[in-house]
Amino acid sequence: MVRRYRFYIFLFVLLYANLFFVHRTFSQNHQNSVADTVQNSPILDHAVMCEEVTDKDPINPAVVFSIKIGKVSCFSVFDPVPEKTFVYHKWFHKDNPSTNKRLTVQPPRWATYSSIQLRETDKGPWRVEISDRKGNLLHILRFSITD
Amino acid sequence: MFMSFFASIRWQDIIDILLNSYILFRLYVLFRETYVFRVLTGLALLWIFQRIAVFFGLILTSWVLQGITAVAALIIIIVFRNEIRSVLQAKNLKAILWGFPQKIVPTTIQIIVDSVNALSKRHTGALIVLPAKEDLKDMVHSGIPLRGLVSKEMLTSIFWGDNPVHDGAAIIEGDRIAEVGVILPLSYRSDLPSHYGTRHRAAFGLAETTDALIVIVSEETGKVLVAKDSNIEEIQGDTDLIKILQEHMGVYEEENGYQKKENFKISIAAIVSVFFITGMWFSFSKGLDSLITLEIPAEYTKRDPRFEIVNASVHTVRLDIAGSGALIKSIQPDQVQVKLDLGNAVVGQNIFSITQENITLPPGIFLRKVVPSVIEVTLDETIKREIPVQIDWVGELPKGLVLSEIFFDPEKIEVIGGKRILENLSTIYTEKVHLESIKTSGTMFANLALTPAALKIAPGSKDKIRIAYVIKPRIE
């Protein structure tokens, strides 16, 4: 019986093997693509909200800031930075987009920050979304501006 | 004007009037000539007086009458429970709904016939004299005046063997037994049958000398005979006796007349019932037209459970309605409804027209105007989504301190709500958390503030956020 159907069995095995290898190849390619992307993006080491940045150091990092200080900054450190690229600091006030800052980062390691001036109407909850060049979200910092 | 007035009457109104007229008519038939009916009539008059007192503004009078009519129904049921029970315990439903309780009033002739039958059965001899036009005073004697109403009991007891007057005759004039124990003149005819006794001869003696009719009950045989105008004949049955008595007394139409009178009364009662109910119907439905405005909340039915209402252009509908003053005053809140069918509604905005079909009104109330005539309802599909939480800090920290770090749990909350809302929602905030009281590191709890209010926390999710905060001195 096997002899009679050996042609069909061979065809089936060939078809199955073909599908298997194609899938593996696709996965491999996809993973390579993802890996490639990951490898070229800067890695966010840490990020904080602070009152100001002096000598590349964040001063008074906090999650609540008084309107009286007049300014607030988002300080972020990327390590490593594979290649020169840029990142985004997207500022949201009460879930409404406020400003979008594009910041350049360079290898091997880079610290950068963005700031906004505070007005009376800026009281309330804020967040900053840090994303890479392709828009991949790297981190969210949440803070509030109060009296 | 009259044509339009009659044209506005519906077939339901005619049934309404006829049904209530029949009920009133049946109440009259079942309770007529009883105390119940008289008391009911009295109460109806009290109610009318009370309405008149209200109309003229007589405060004390209307208050007193109102109090009496308020407890009248209870009083009637308690006081007349026996009469009501006897009606309700009628043998069959037909008697209540359709029967006419007959008031049997036996006539004088019927009483005489029944009495004669009873005497005949018991072989009790009796002589009953019914005068015609001629006066019998000269022909009879020794009679004892009685002047009692004719009754079967009276007649049978007169001729009872131990009664002192049983040997004589009883003279009946009209519906009264005028005299008893009367001695009648004897007949001296020689051609009378030999078995005729004194009683027969006495009857025959009066019959041949006057125009009176004498009924004889034989003691020996129990047979009934009638003597009149020199003739004596044996009576075979009640019908013959009734006929003879009717002819002699000239009361052919007596029973028929009574029945006709009763039928006439019932007919009048039926007509009065119809007129009365028709008058009441007009006062309720057509008289004193009143117009009012009601604010009714819109109700939604047949909503798909997957959808929820996120917005409606209005929540209440203003209805201008009209009807008679009595009906308008008695409207209950749940009798007027505005309902919109969401069976065919889709996600997004839906526009519904409010028409007569959407509005429920009590009978006799009519819709004049609806504002607004259109409602816009926005439906959204209900979904569940996990959304990040953020603490909403307010106030001012004490000088020289910074809130450097916080750790809170849970960081995300599962929320149920409309898809359109949740897809655009990126943060759930807590209620305002005040900074003034924070001086050192510690923990606290904060409630979530769900906005819009239509959002709900999914079952199993926490609704309180535990916050651990770190306070450090400010670097100046």
Kindly state each residue pair satisfying side chain to side chain donor-acceptor pair (under 3.5 Å) with at least one member in residues 381-390 of chain B, sequence neighbours excluded. R142(A)-Q390(B)

Quick note, side chain to side chain donor-acceptor pair (under 3.5 Å) partners involving residues 80-97 of chain A, not counting sequence neighbours, are S76(A)-H89(A), H89(A)-S114(A), W91(A)-S114(A), D95(A)-R127(A), D95(A)-S426(B), D95(A)-T427(B), D95(A)-Y429(B)

Is any side-chain heavy atom of V402(B) closer than 4.5 Å to a side-chain heavy atom of E51(A)?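 In short, these two side chains touch, coming nearer than 4.5 Å.
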
Around atom [atom1] of [X], are there more than 12 heavy atoms of other residues, nucleotides or ligands at under 6.0 Å?
| X | atom1 | value |
| --- | --- | --- |
| F408(B) | CZ | yes |
| D334(B) | CG | yes |
| K419(B) | NZ | no |

Return the minimal non-hydrogen interatomic distance between R474(B) and N60(A), and the atom names on each side.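 Closest approach of R474(B) to N60(A): CG-ND2, 3.4 Å.
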
Interface moiety of [X] toward chain B, non-hydrogen atoms closer than 4.5 Å:
| X | result |
| --- | --- |
| K68(A) | side chain |
| F143(A) | backbone |
| P125(A) | both |

Using non-hydrogen atoms and a 4.5 Å limit, figure out which bit of V389(B) sits close to chain A: side chain, backbone, both or neither. backbone

Let me know if L435(B) has heavy atoms under 4.5 Å from chain A in its side chain, its backbone, both or neither.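 Only the side chain of L435(B) comes within 4.5 Å of chain A.
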
Gap between atom CD of E436(B) and atom OG1 of T146(A) - 0.5 Å precision: 8.5 Å

How many angstroms lie between atom OG of S144(A) and atom NZ of K432(B), to the nearest 0.5 angstrom?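 Nearest 0.5 Å value for the OG-NZ distance: 9.0 Å.
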
